[in-house]
Amino acid sequence: MTHVLITGANGLVARALSRRFPDAVTLTHAQLDITDRDAVFSVARGCLVINCAVVGVEESERDPALAEAVNVRGPALLAEAAERLIHFSSNYVLDPVNVYARTKLEGERAIAGRATIVRTSWVFGAEKESFFSTVHRRLRRGERVQATSDIFACTTWVEHLAARVEEIIGRGDRGLLNVTNEGVCSHEIFAREAARIVGADPALIDVVSEADLRRTPRPRSTPIVTDPPLPHWRDALAAYIESADA
């Protein structure tokens with residue numbers, strides 16, 4: 001069986017995948033710089049590589065050169081070295097209004113035809129301190145939260161993402177694939193559903209615009225369709241909260 005290598009091992013998606021591939025070699029950014037050609041070829045040659053290494057939105061804006069290296073050149077090197085590459089991309093490539101989105105789109109183009117590209121969107125789970133991952137706990141504690149009402153996309157529970165990626169690998173799927181939970185929401189809609197599930201007061205949600213909350217622009221509407229569909233995001237959120245509270 002082909003050895004499995006997971007890069008970016010400290011991230012939410014990599015951790016979920018490592019549970020599904022317990023024999024995989026998992027390497028953090030510190031352990032493998034995917035922009036180092038010699039290092040990549042020394043560990044990735046002949047492997048099935050699942051690339052979770054990424055420079056995110058805010059860091060990309062601060063350091064475009066690093067974003068270009070990790071989000072574009074790194075995947076290209078992995079595609080060259082690996083027997084097979086599974087690479088994660090983003091819904092933001094549909095409207096590349098920031099450095100992160102532009103480099104993720106360039107990364108897709110750099111490996112097109114040489115990898116399986118998984119586009120996903122607003123991934124949440126227990127091991128990430130993001131809005132989507134923590135809003136239910138904050139509301140349940142009676143904290144006020146700010147939620148934007150003018151940005152729309154799909155959300156993705158990491159456990160559903162990891163399960164679908166495992167299926168994709170098992171089937172040998174290639175090309176560009178979308179993987180998100182069904183349905184579209186804003187941060188505000190998501191927060192209101194979280195409040196409903198945990199019995200919190202929705203008046204704790206302060207509705208703001210994206211421009212008021214963050215300096216780096218985000219695309220306004222970037223929903224993507226998964227085929228076959230994953231569970232609806234409301235069901236995914238309920239399952240996540242139940243599992244997090246278990």
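Contact record, Leu204 with Gly142: CD2-O, 3.5 Å, taken as the closest heavy-atom pair. Nearest heavy-atom pair across Thr226 and Pro228 is CG2-O, 3.3 Å. Residues Arg119 and Ile224 approach most closely at O-CD1, 3.7 Å, considering heavy atoms. When all heavy atoms are compared, the tightest approach of Val70 to Val55 is CB-CG2, 3.6 Å. The nearest pair of heavy atoms linking Ala194 to Val135 is CB-CG1, 4.0 Å. Shortest non-hydrogen contact noted between Pro223 and Leu94 is O-CD1, 3.9 Å.
The CG atom of Asn98 lies 7.0 Å from the CZ atom of Arg218; values are rounded to the nearest 0.5 Å. Rounded to the nearest 0.5 Å, atoms OH (Tyr240) and CH2 (Trp157) are 9.5 Å apart.
Looking at Lys104 and Glu108, no side-chain N of the basic residue comes within less than 4.0 Å of a carboxylate O on the acidic one, giving no salt bridge. Using a cut-off of 4.0 Å between Lys/Arg side-chain N and Asp/Glu carboxylate O, Arg109 and Glu106 are scored as not salt-bridged. Classification of Arg62 and Glu58 as a salt-bridged pair fails, no side-chain N sitting under 4.0 Å from a carboxylate O. Salt bridge Arg37/Glu80: present, at least one basic N to carboxylate O contact under 4.0 Å.
Here the rule is side chain to side chain contact (heavy atoms under 4.5 Å, CB included) with Val4, and of Thr26, Ile86, Ile50 only Ile50 fits it. Applying the side-chain hydrogen bond (donor to acceptor under 3.5 Å, both in side chains) test between Thr156 and each of Thr180, Asn91, Thr120 identifies Thr120 as the sole match.
There is no side-chain donor-acceptor pair under 3.5 Å between Thr155 and Asn181.
Put simply, the side chain of Gln146 does not reach to within 4.5 Å of the side chain of Phe131, judged on heavy atoms. Side-chain contact check for Phe88 versus Leu17: some heavy-atom pair is nearer than 4.5 Å.
In this structure a side-chain-to-backbone donor-acceptor pair under 3.5 Å is present from Arg144 to Ala203. Between the Ser149 side chain and the Glu188 main chain, no donor and acceptor come within less than 3.5 Å of each other. Using modelled atom types, no side-chain atom of Asn178 and backbone atom of Asp227 make a donor-acceptor pair closer than 3.5 Å.
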Pair Thr148-Asp150, side chain to side chain donor-acceptor pair (under 3.5 Å): steps then yes or no: CA-CA 6 Å; Thr148 58; Asp150 53 353; 4.6 Å; no
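More than 12 heavy atoms of other residues, nucleotides or ligands sit less than 6.0 Å from atom CZ of Arg19.
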